[in-house]
*Asks:* 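Below is the structure I would like to discuss, written out as structure tokens.
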Amino acid sequence: MTELIKNKIDQILSEKYLSYAVSTIISRSIPDVRDGLKPVHRRIIYSMYQLKLTNESTFKKSARIVGDVMGKFHPHGDQAIYDSLVRMAQDFSSRHTLVEGQGNFGNIDGDNPAAMRYTEARLDKISNYFFDGIEENSVNFKENYDGQNFEPEVLPTKLPNILLNGSSGIAVGMATNIPPHNLYELNEAIIQLIKNPSITNNKLIKYIHGPDLPTGGEINLSESEKKDIYIKGKGSFLISSKWKIENLKNGLYQIVINEIPYQINKTKIIEQLANLINSKKVPIDDVADESDENIRIVLKPKNRNIDSKKLMELCFKLSDLSIRFSCNFNVLEDGQVPKQLGLKDILSHFINHRKNTIKRKSEFKIKKINLRLEILQGYLIAYQYLDSIIKIIRKNNDPKKIIIKKYKLTNNQAEAILSMRLGSLKKIDENNTKKDIKEFSDQKKYLKKLISNKIVLNNYLIEDTKNINAEIDEDISKRRSLISKKTIANNDVNLEEFVEVEKITILITKDKLIKKIKDHISFDQLKKADQKIESAIHLMSNEKILIFVSSGRVFSLDPNILPSGKSNPKSIFYFIDAITNDKLVGIIKAETNKFCILVSERGKGFVSEISSMLTNQKKGKQIFNLKSSDVLVKVLECNKNHLASVNKSGKLLIIDIKNLPILQKGGGVQIIKIKEGDALSDIKLIDLSEGLSWKTGSKVRNITDIKFWIGKRAQSGKKVPKFFNKNLKFFD
């Protein structure tokens, strides 16, 4: 029969999606704060307990376990159940594995486990702590999905598993990500919290040094990050690989990585490093995986002079050898309410859970003791009237009613007396019975104290926690992850730091071709060897040069990409992304704390700091904002204090460069007045004490008295000196 629904679809979707979200949060993705388990993990462990797959038993096929879990408790896909089982058996995923696997359960390289029909499993030794009084009514049981079996709502664990093994999951609208921790540290914090429930968060977190990851590594955890994580329940920390140096012959060395970050695939790291090597982003010759059961990734630097610490900082920056782990302590409070809790709240809930299970277990034991005491009291009556009870049994068809009435026995006492063996009627058994009554009475008295007296219960919990520390193998529980509080410097490490610095000379020919040669060689020496060379720049291989073009743009160029040695020089425009009709104006070395002057054809100019012109943009940086008819014609380093300008109408003006503005970019100011149809011919930086010099033909002329031409910026200037170049240039 079809049902007609008249509600609005948005309301229906809202209700159904909310129902789905709640189901996802409670029944799938978020762990219970009490036992630290999601339903699927709890069902796997309990099902294995029912199959008696303890650490002392033989292994059983994983397929059998998965089938039992799916058939009885978890009606979902078998692969999802098997994946959860596998994760609990992987020592690189869980700090303390709850399942012991036999066969291929995958590895840290990311290889998949074998199919469930090939692998076998049983509970690990530590899982025994998860069933404290499970058959003594220590926790509630609920019906399974079909009502034919019962499963525990929560396991009565003795271990704070929510922090011990951590958990991760994504629900609807929330997620959880809790890293594993060290058992000894957690137990110490639990003891301190039991002793002093009002202990402050700041004092409590001192007992927890930080997460303790199954894959080790170095955790960088500052005090502020630690407080965010353990007080607020949300934060992050840095995990870095552990590495060491192995010295080789001839001063060479190699770096060996023996611990990698938690939840990171080793193969992925090696692939990342190989890609970095191929793209020449790290100065490493080779990466090799020499791992067996222990991780051993070997890095071979390009040369012996490379600083190993800086090299690893670069590798940490560019690969998953170092990652940031985000914490989100979202848990289910009492299995129902999702909450983000801090360390104290989580441990408090676990302690309350332990107290509750101990009380319930004690009440169960008291009931059993009461029943046993009732029977033992009946035995004492039987020993007292033994002969008459035997006569009644021999002479009557229904002796039970008679002895109950005559000796005021309970039904249980009468049943026990009638079930006694003849061999147990010895006199010695009466003494044993009295002794047993006393022992059981003492146990009952202690159990009642355990239920009603908080101090007794707290002492019991403290001793029990200490016993766990003593029972668990120290080799398994000792800390694996190193905690570091060092401040991470936010220095950008790049490949340039590892390049060997050498002296080079940049050569520029008259045809505007460029190349480099090793060492610093004088211009005169170069000119003798090749008359085509127009200029030379001395610099180091880790420095850059600035190339200025007529459109007012500047380009930064790494000299290491230039042709060298016997290679032919190439056009400068081959290395820069200049626009059509751009002409080379000048090339200068990029130096800090130095300035240059830029001048256009229309006589405008300004001073700019050289280091501010550096750019990573391929298309360069527009430094001079020119008008449509103007072009950049000259760039000079500011090594003198006055500027001499000549225009094509034959006027000379000398000004102090202090009158020019210092700009990062701009249109400049007028240096010498340029009339319509006129243009700037040449500029030159001079010292007044040295006078003004120029070249006419092969002769260099100089005049020292130049006051006549000194003026203010933007003036027209005065006629050039006698015998000045006809081409109105200072030097050809």
Side-chain angles (χ1 to χ4, degrees), residues 215-218 220 238-261 264 266-292 294-323 482 484 486-506 515-521 538-545 557-567 589-592:
T215 52
E218 182 177 345
N220 189 270
L238 196 69
I239 314 171
S240 298
S241 302
K242 276 190 189 172
W243 57 278
K244 62 182 180 181
I245 292 174
E246 287 185 356
N247 293 316
L248 305 173
K249 292 179 182 179
N250 303 321
L252 297 171
Y253 72 91
Q254 63 185 18
I255 294 170
V256 176
I257 297 160
N258 43 36
E259 290 179 12
I260 61 174
I264 295 297
K266 175 162 66 72
T267 302
K268 181 185 175 185
I269 287 176
I270 293 166
E271 286 175 358
Q272 286 177 341
L273 291 170
N275 289 334
L276 291 171
I277 292 168
N278 291 335
S279 59
K280 297 182 179 179
K281 289 184 178 177
V282 289
I284 298 173
D285 266 339
D286 190 25
V287 56
D289 184 8
E290 298 179 2
S291 307
D292 42 29
N294 298 314
I295 291 172
R296 182 180 166 86
I297 302 170
V298 180
L299 306 179
K300 295 182 180 177
K302 280 191 176 290
N303 62 65
R304 71 191 77 181
N305 299 320
I306 290 174
D307 187 322
S308 58
K309 287 185 179 179
K310 286 191 173 182
L311 174 58
M312 288 309 295
E313 282 178 22
L314 184 63
C315 291
F316 286 164
K317 178 183 173 183
L318 299 176
S319 73
D320 285 343
L321 284 172
S322 179
I323 64 162
L482 175 69
S484 170
K486 66 184 180 185
T487 304
I488 300 296
N490 196 18
N491 296 330
D492 286 335
V493 182
N494 53 55
L495 192 58
E496 290 179 9
E497 292 186 38
F498 304 97
V499 176
E500 198 169 345
V501 179
E502 57 183 10
K503 294 177 180 180
I504 57 173
T505 301
I506 305 295
K515 69 177 288 187
K516 67 176 180 181
I517 56 173
K518 281 188 177 182
D519 217 341
H520 288 172
I521 301 169
H538 293 163
L539 70 160
M540 306 303 290
S541 58
N542 62 344
E543 295 177 319
K544 292 188 177 182
I545 56 174
L557 187 65
D558 182 357
N560 294 298
I561 68 170
L562 298 176
S564 60
K566 294 182 180 180
S567 303
K589 177 181 170 182
E591 295 180 276
T592 55

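Since this is a predicted model, take the numbers as computed values, not measurements.
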*Asks:* CD1 of I517 to CD1 of I504: how many Å apart, nearest 0.5 Å?
*Replies:*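 Answer for the CD1-CD1 pair, I517 versus I504, is 10.0 Å.
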
*Asks:* Please report the closest heavy-atom contact between L539 and I506, naming both atoms and the distance.
*Replies:* CD2-CG1, 3.3 Å

*Asks:* I need the E259 CD to E218 CD distance, nearest 0.5 Å.
*Replies:*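 Output value for this atom pair is 10.0 Å.
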
*Asks:* Ignoring hydrogens, what is the shortest heavy-atom contact between H538 and K589? Give both atom names and the distance.
*Replies:* O-CD, 3.5 Å

*Asks:* Return the NZ to CD1 distance between K244 and I255, rounded to the nearest 0.5 Å.
*Replies:*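 Output value for this atom pair is 13.0 Å.
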
*Asks:* On a heavy-atom basis, which atom in P301 and which in L299 lie closest, and how many Å separate them?
*Replies:* CD-O, 3.5 Å

*Asks:* Among I239, T215, D320, whose side chain to side chain contact (heavy atoms under 4.5 Å, CB included) with I264 holds?
*Replies:*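 Among the candidates, only D320 passes.
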
*Asks:* Provide the closest heavy-atom pair for P559 versus E543 in the form atom of the first, atom of the second, distance.
*Replies:* CD-O, 3.0 Å

*Asks:* Does any non-hydrogen side-chain atom of I297 lie less than 4.5 Å from one of I260?
*Replies:* yes

*Asks:* To the nearest 0.5 Å, what is the distance between SG (C315) and CD1 (I269)?
*Replies:* 11.0 Å

*Asks:* Would you mind reporting whether I284 and L276 have side-chain heavy atoms less than 4.5 Å apart?
*Replies:* no

*Asks:* Could you give the distance from CZ (R304) to CG (N247), rounded to the nearest 0.5 Å?
*Replies:* 12.0 Å

*Asks:* Please examine the side chains of N258 and N294, heavy atoms only from C-beta on, and report whether any two atoms are closer than 4.5 Å.
*Replies:* no

*Asks:* Are side-chain heavy atoms of L321 and L273 found at a separation under 4.5 Å?
*Replies:* yes

*Asks:* Under a 4.0 Å threshold between the charged nitrogen and the carboxylate oxygen, would D285 count as salt-bridged to K302?
*Replies:* yes

*Asks:* Using the side chain to side chain contact (heavy atoms under 4.5 Å, CB included) rule, take D289 and T267 through it: C-alpha gap first, then chi angles, then the decisive distance, then the call.
*Replies:* CA-CA 9 Å; D289 184 8; T267 302; 5.8 Å; no

*Asks:* Verify, without hydrogens or angle tests, whether N250 (side chain) and L252 (backbone) share a donor-acceptor contact under 3.5 angstrom.
*Replies:*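 Such a contact is absent between N250 side chain and L252 backbone.
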
*Asks:* Run the side chain to side chain contact (heavy atoms under 4.5 Å, CB included) test against D519 and tell me which residues pass, sequence neighbours left out.
*Replies:*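 With neighbours one apart ignored, the set is K503.
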
*Asks:* Please examine the side chains of S322 and S241, heavy atoms only from C-beta on, and report whether any two atoms are closer than 4.5 Å.
*Replies:* no

*Asks:* Look only at the side chain of N275 and the backbone of N278, and say whether a donor-acceptor pair between them is shorter than 3.5 Å.
*Replies:* no

*Asks:* For the atom pair CH2 (W243) and CG (L311), what is the distance rounded to the nearest 0.5 Å?
*Replies:* 8.0 Å

*Asks:* List in chain and number order the residues that pass side chain to side chain contact (heavy atoms under 4.5 Å, CB included) with S564, two or more places apart in sequence or in another chain; answer none if no residue qualifies.
*Replies:* K516

*Asks:* Indicate yes or no for a side-chain donor-acceptor contact from S541 to the backbone of E502 under 3.5 Å, with no hydrogens or angles considered.
*Replies:*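 Between the backbone of E502 and the side chain of S541 there is a qualifying donor-acceptor contact (under 3.5 Å).
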
*Asks:* Please report the closest heavy-atom contact between L314 and P283, naming both atoms and the distance.
*Replies:* CD2-CD, 3.9 Å

*Asks:* Who are the side chain to side chain donor-acceptor pair (under 3.5 Å) partners of R296, not counting sequence neighbours?
*Replies:*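 Expected list: E246, E290.
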
*Asks:* Can you establish whether the number of heavy atoms outside K300 located under 6.0 Å from its atom NZ is more than 12?
*Replies:* no

*Asks:* Report yes if the side chains of M312 and I257 come closer than 4.5 Å at any heavy-atom pair, otherwise no.
*Replies:* yes

